[in-house]
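Order of the sequence lines sets the chain letters (A, B, ...), proteins ahead of strands, with each chain counted from 1.
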Amino acid sequence: MKIKKIENATDFKSVFYSFNKKIYKYIFLRIGYRKALAEDMTQEVFMKVWEKRELYNTKKSFKTWIYTIARNLLIDFYRKQDTRKKYRKAIDEIELNSIGQDADFDCEIIIDYVLEKMNELSEAEKELIILRYIEQLEIEEIAEIINHKYDTTKVYINRALHKLQEILKQDA
Amino acid sequence: MHKTELDNPKKLISVLNSIDVSPDSGWKNSTMNSLLNNITNKEPKDRKIIQRFINLFNFSIYSPMKNKALFYTLIALCLIGLGTVGIAYASNEAKPGDALYFVDLGFEKVEVAIAGIKSEEAQGGKYLDLAEERISELESLLEDQESLALIPSVYAAEDEDSDSVDLELINGLVENYNFNLAQAEEILEKMEGNKNKRESMLQLAKEMEGSTDEFESVLVKALSQTQNAGLIKALEKTNKVGERAFQKSLRGENAEGIAEKEMEKAEFKKAMMNKHLEKKTDKGKKTDNAENCVGEANQIMIQAENMYKEGDYEESQNLAREARHMYQECIRYVYRNQYKNSGENGSGSVLEPNKYQLQETEGVEDDQSYFTEDEQTDSAGEPGGVGNQIQPQDRDGYVGTEEGNHEEERPGWN
């Protein structure tokens with residue numbers, strides 16, 4: 001979807017309806033699969049989109065802009081957690097059995113298993129896997145969001161995928 | 001698939017690709033409403049009007065206007081307009097709220113005209129915006145008696161038989177809403193006939209489909225407060241316009257896409273139904289029939305989901321559509337019961353209920369009624385359904401007031 005500029009409530013609505021699912025998914029997967037928190041944070045992202053609408057450069061991609069807002073919000077969120085450990089603990093307590101509801105039973109088990117194992121990746125690696133393979137963003141877009149060069153981003157993504165494979169192999 | 005298959009990077013990527021998480025459709029709509037409330041409340045009304053005036057000219061550092069002649073003409077008009085605003089504002093210091101609204105209404109007409117210069121889709125979008133404004137005003141009118149003072153009396157439709165200002169205001173707002181919605185749909189239909197505007201038509205259809213869902217939600221809520229014939233007609237109209245826009249918005253989608261969208265729409269209706277049902281249950285109203293209805297609709301919805309998973313998208317579409325229509329019917333059950341209840345005890349509306357209940361009038365076509373003839377037999381096969389059936393005299397009563405029966409769609413103040 002091509003976004004020119006958000007000038008009024010109608011533009012804003014169209015942005016919300018186009019991106020709410022993507023942003024919700026991104027946040028939900030990154031904050032440890034907590035539905036209510038993901039909903040609140042997604043709402044906050046869109047509030048920020050409205051507040052910062054004048055800052056959006058129409059020459060650039062709106063998609064990467066909105067993901068950057070969501071990412072910054074997540075960074076703030078992590079910062080507000082006392083320690084990373086606390087956050088990890090919260091993740092560990094979450095049950096994953098609700099994520100693969102739409103898939104068939106076998107697939108549901110595999111999805112929950114992969115998501116559980118993804119928690120063994122570093123936060124940066126997990127982010128790359130989510131953006132590239134779950135949200136299915138282009139490498140170029142990810143590079144812009146994480147503020148790295150295209151080639152470097154590509155290498156990071158490959159490394160993250162390789163590491164996830166290793167984790168899965170060890171467990172199998 | 002087995003865990004060991006994840007050694008294959010392609011398999012792993014395909015699993016990752018298949019991870020899908022969606023927020024509830026109920027959350028989506030309530031969040032959208034809450035965001036819209038936030039963003040509109042953050043700007044003071046007078047600033048909002050000035051902003052809208054500036055927006056008319058699409059004045060932006062990123063996209064300077066190409067047509068200089070038009071630009072300067074508009075600037076001249078702007079200056080004249082600002083003078084008028086000043087006079088209007090200064091001359092109405094005693095009632096600033098009303099004065100601002102008056103100016104607001106004037107701008108609406110200019111905005112529609114300017115949007116028409118930009119493009120057909122912009123004008124269609126503008127009519128939708130105006131319909132939305134009327135709906136928001138209606139919502140605040142019914143929610144908060146104090147807000148009555150902020151609603152301009154110019155909305156009050158001329159209704160000599162009515163002795164209630166509130167009723168006149170509701171009718172005026174609803175008429176204006178119907179008018180704007182009809183105009184938006186007319187533009188959509190015009191665009192449909194133009195192959196070059198296919199993309200714009202699809203966008204407007206999607207916008208209209210989303211908006212009518214919201215309008216419908218507000219109208220149903222309004223009907224829970226006041227059984228007004230105009231509201232019932234508006235809800236009927238919104239349903240029809242929304243359905244037509246939805247069908248148009250599906251153009252170009254494949255069977256899977258259509259099935260997915262049909263299910264999303266059915267989920268929305270389900271969420272809306274549950275919301276209204278919960279409210280009624282909280283208030284201790286009888287909702288047995290509606291609950292049975294929801295149960296049946298849920299079963300159909302499960303079948304639709306199963307068909308989708310099996311890849312039978314056409315069957316999934318049909319079932320989801322059936323479920324959606326059934327949820328719509330269930331909503332009618334809730335409010336049909338309420339009408340009967342309010343008739344018995346004379347209460348049920350925040351605004352002097354008896355004045356807003358439908359009048360029994362003759363000679364009105366059934367298809368104009370929110371509660372159609374079919375519904376008389378809907379509950380025939382259900383245990384205990386007799387108590388909820390509409391008696392013939394009731395059905396005849398579910399028609400409009402004299403004012404509500406006019407087919408002509410014009411705003412009262414236009």
When A/E141, A/E135, A/E138 are each screened for salt bridge (Lys or Arg N to Asp or Glu O under 4.0 Å) with A/K63, the one that passes is A/E141
| request: Please state whether the rings of A/F16 and B/W27 are parallel, tilted or perpendicular, taking 30° and 60° as the class boundaries. | output: tilted
Applying a strict 4.5 Å limit to non-hydrogen atoms, the region of B/E199 in contact with chain A is neither
So, the part of B/E305 with a heavy atom under 4.5 Å from chain A: the answer is neither
So, the part of A/I130 with a heavy atom under 4.5 Å from chain B: the answer is neither
If one checks every heavy atom of A/Q136 against chain B at 4.5 Å, the contacting part turns out to be side chain
Given B/D129, B/L128, B/T31, B/L35, the one with more heavy-atom pairs under 4.5 angstrom with chain A than any other is B/L35
Worksheet item: Within 45° of the six-membered ring axis of A/F19 and under 6.0 Å from that ring's centre, is NZ or CZ of A/K22 located there?
Response: yes
Notebook entry, point to check: Is there a donor-acceptor pair under 3.5 Å between the side chain of A/Y133 and the backbone N or O of A/L137?
Noted result: no
Got a salt bridge between A/K163 and A/E120, using NZ or NE/NH1/NH2 to carboxylate O under 4.0 Å?
no
